[in-house]
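The structure appears below as structure tokens.
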Amino acid sequence: MPTAVLTDRERTAVQAYLRLLHTVRAAFDTPTGPPGTPGPPMVPPAVLAEAETALARAGLTGNEEEFFRMLRDWHPEP
């Protein structure tokens, strides 16, 4: 299997996506309080904006297949 060598922008996009993924997972794991009380936003706007900007700078917007291939190669699931 070939080793993926990411550019700085691609690496930044993968890292931003992973931060976004971990933020979403943490939000699901965090209790929101008593029933009926509003909880925090699922994803803070700054985290989502960081991921979107990083993907655009890496030229990966609209190219999900390539992005997820890089993600799998750089950060395989345990």
Side-chain angles (χ1 to χ4, degrees):
M1 171 191 266
T3 302
V5 178
L6 303 180
T7 67
D8 288 341
R9 288 184 177 194
E10 290 169 340
R11 187 177 306 103
T12 299
V14 169
Q15 290 170 336
Y17 175 80
L18 290 172
R19 277 192 292 280
L20 175 62
L21 182 62
H22 292 291
T23 300
V24 170
R25 285 181 178 164
F28 278 120
D29 290 341
T30 303
T32 58
T37 57
M42 183 59 70
V43 178
V47 175
L48 186 55
E50 175 195 20
E52 289 177 348
T53 300
L55 288 168
R57 286 185 180 156
L60 296 168
T61 302
N63 193 353
E64 290 82 7
E65 183 178 334
E66 176 68 12
F67 173 71
F68 285 114
R69 181 195 60 75
M70 286 189 301
L71 182 64
R72 276 191 310 273
D73 291 347
W74 193 73
H75 189 71
E77 285 292 320

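Fair warning: this is a prediction, and the values are worked out from it, not measured in the lab. What's counted below: heavy atoms across the whole structure, side chains too, no hydrogens, waters or symmetry copies.
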Subject >> With E52 via side chain to side chain contact (heavy atoms under 4.5 Å, CB included) - residues at least two apart >> reply: L48
Subject >> Contacts of R19 that satisfy salt bridge (charged side-chain N to carboxylate O under 4.0 Å, His left out) - sequence neighbours left out >> reply: E50
Subject >> Contacts of type salt bridge (charged side-chain N to carboxylate O under 4.0 Å, His left out), residue R57, not counting sequence neighbours >> reply: none
